[in-house]
Number of protein chains: 2
Amino acid sequence: MANHRLDALDRKILKLISADARIPFLEVARACNVSGAAIHQRIQKLTSLGILKGSQFIIDPEKVGYETCAYVGLYLKDPSEFDAVVEKLKAIPEVTECHYTTGGYDMFIKIYSRNNHHLLNIIHDKLQPLGLSRSETIVSFNAVIDRQLPIFDNTDEEEDEDDGED
Amino acid sequence: MANHRLDALDRKILKLISADARIPFLEVARACNVSGAAIHQRIQKLTSLGILKGSQFIIDPEKVGYETCAYVGLYLKDPSEFDAVVEKLKAIPEVTECHYTTGGYDMFIKIYSRNNHHLLNIIHDKLQPLGLSRSETIVSFNAVIDRQLPIFDNTDEEEDEDDGED
DNA sequence: ATTGAAAATGTACGAGA
DNA sequence: TCTCGTACATTTTCAAT
């Protein structure tokens with residue numbers, strides 16, 4: 001249910017356009033030895049299947065004034081308030097991710113802030129009022145890897161690498 | 001040093017193209033009431049300044065067979081091996097982020113895996129051999145927010161909101 | 001930043017395997 | 001059903017202003 005059959009052409013297309021959304025489809029076509037129309041239709045198909053969810057230019061957060069990146073694990077006073085808290089988190093633009101987790105935290109979020117001071121303000125002024133019993137902050141001093149999940153040559157059929165074995 | 005002055009046009013362009021990398025520049029131009037060439041030049045400028053770092057199509061990880069997302073905090077046996085470990089992490093495609101942190105962990109990484117079982121394999125077979133003394137895994141059951149940092153109307157000049165104050 | 005024009009691309013349509 | 005080839009509208013890109 002989660003994954004669809006992707007053939008070699010699909011994967012090659014995904015690999016190319018996931019690395020550069022502005023690449024001309026005709027260039028993709030030449031790299032794949034098919035016509036431009038074929039690429040066009042494949043991309044439409046991949047989009048309608050929900051595999052492709054749009055595109056975006058990547059903006060360097062530091063260059064637009066966001067020098068601090070942090071992950072914050074949240075413990076809710078009332079975990080049943082989860083959905084309401086998520087809605088409030090959506091209204092905080094600095095929160096770019098929110099994960100529902102178990103084990104460690106009730107929820108786990110990613111925050112970009114201008115600096116450490118700004119981060120503290122966000123936590124105190126915007127996060128705490130949501131009904132936190134506690135929070136743990138992990139500040140990233142440097143993102144040494146930040147990339148997209150690569151497209152492999154086998155996406156759902158074989159698991160004959162050591163990765164998927166028992 | 002980290003941020004450059006962005007005027008209203010820059011920010012409007014960034015806002016539009018960060019939401020859709022395939023948007024025609026002429027459409028951006030019409031939305032901004034300037035010529036297409038102006039957009040073209042601005043985007044070149046933003047790219048050469050390093051503010052724009054390319055573009056990408058967004059692929060739904062679940063739809064290509066990656067149903068588990070986890071964050072793992074790593075403790076290195078020998079923290080001075082940091083750089084070498086990062087290089088080895090780069091060779092693990094499932095690792096999409098790596099942060100240098102202090103306080104909690106030596107480093108903090110994001111992993112996509114096919115399922116929980118695959119995640120354990122990655123941790124045991126690929127991460128442990130890097131020289132970990134310990135690791136803590138946070139599994140995300142659901143990413144309820146996942147978005148890009150928005151472009152605000154003031155990126156570096158004013159801090160007159162409550163966010164950046166003392 | 002604008003204009004204008006040439007080159008390249010995006011997209012639709014019909015045909016064929 | 002999928003791909004291709006063509007045709008036309010649009011966009012990209014670059015000059016000079």
Side-chain angles (χ1 to χ4, degrees), chain A residues 1-60 63-64 148 151-158, chain B residues 3-60 63-65 148 151-157:
Chain A
M1 166 226 116
N3 42 25
H4 306 259
R5 270 233 171 321
L6 299 176
D7 64 16
L9 179 56
D10 288 322
R11 287 193 289 267
K12 192 155 187 180
I13 293 171
L14 287 177
K15 202 174 291 193
L16 289 166
I17 68 175
S18 67
D20 177 9
R22 288 301 285 204
I23 187 174
F25 291 170
L26 284 179
E27 198 173 319
V28 177
R30 287 189 288 267
C32 298
N33 284 107
V34 296
S35 71
I39 303 297
H40 188 248
Q41 290 170 256
R42 288 289 185 128
I43 289 181
Q44 282 191 320
K45 185 195 71 178
L46 292 168
T47 302
S48 70
L49 287 174
I51 295 172
L52 287 176
K53 301 164 75 78
S55 61
Q56 59 187 22
F57 264 89
I58 303 158
I59 296 170
D60 186 336
K63 293 279 174 54
V64 294
Q148 224 184 353
I151 305 301
F152 300 108
D153 289 340
N154 55 338
T155 47
D156 66 353
E157 21 207 309
E158 312 143 48
Chain B
N3 42 25
H4 305 259
R5 272 237 171 317
L6 300 176
D7 64 15
L9 179 55
D10 288 322
R11 286 193 289 265
K12 191 155 188 181
I13 293 170
L14 288 176
K15 202 173 290 192
L16 288 166
I17 68 176
S18 66
D20 176 9
R22 288 302 285 203
I23 187 174
F25 291 171
L26 280 180
E27 197 173 321
V28 178
R30 288 188 286 266
C32 298
N33 285 107
V34 295
S35 70
I39 303 297
H40 188 247
Q41 291 165 2
R42 289 288 185 126
I43 289 181
Q44 282 192 320
K45 185 196 72 178
L46 292 168
T47 302
S48 71
L49 286 174
I51 295 171
L52 287 176
K53 301 164 74 80
S55 61
Q56 59 188 20
F57 264 90
I58 303 159
I59 297 169
D60 187 336
K63 291 279 174 54
V64 294
Q148 222 184 357
I151 305 301
F152 299 108
D153 288 339
N154 55 337
T155 47
D156 67 353
E157 22 206 306

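So that the names make sense, note that chain A is the first sequence line, chain B the second, and so on, each numbered from 1. Treat the numbers as computed from the prediction; the structure is a model and nothing was measured.
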- Nearest listed nucleotide, side chain of B/H40, among D/dT11, D/dT13, C/dT11: D/dT13
- Minimal non-hydrogen separation, A/L49 against B/K63, with atom names: O-NZ, 3.5 Å
- CD1 of A/I43 versus P of D/dC2: gap in Å, rounded? 16 Å
- Identify, between A/A37 and A/R22, the residue whose nearest nucleotide on DNA chain D lies closer to the 5' end. A/A37
- Task: Among the candidates D/dC4, D/dC2, C/dG10, find the nucleotide nearest to the side-chain atoms of A/Q41.
- Result: D/dC4
- Message: Using the side chain to side chain contact (heavy atoms under 4.5 Å, CB included) definition, which of the options B/I43, B/V34, B/I13 pairs with B/V28?
- Response: B/I13
- Query: Reckon A/L9 touches a base, only the sugar-phosphate, or nothing at all at heavy-atom distances under 4.0 Å?
  - Reply: sugar-phosphate
- Item | Shortest side-chain distance from A/R30, nucleotide among C/dA12, C/dT9, D/dC4 | C/dT9
- Of B/L26 and A/R42, whose closest DNA chain D nucleotide lies nearer the 5' terminus? A/R42
- Query: Could you state the CG-P distance from A/N33 to D/dT3, rounded to the nearest angstrom?
  - Reply: 14 Å
- Query: Rounded to the Å, how far apart are A/L46 CG and D/dC2 P?
  - Reply: 12 Å
- Starting at atom CZ of A/F25, determine the distance to atom C1' of D/dT3, rounded to an integer number of angstrom. 17 Å
- Around B/K45, counting heavy atoms of other residues, nucleotides and ligands shown, do more than 12 lie under 6.0 Å from its NZ? yes
- Measure from CG on A/D20 to C1' on D/dT12 and round the result to the nearest Å. 14 Å
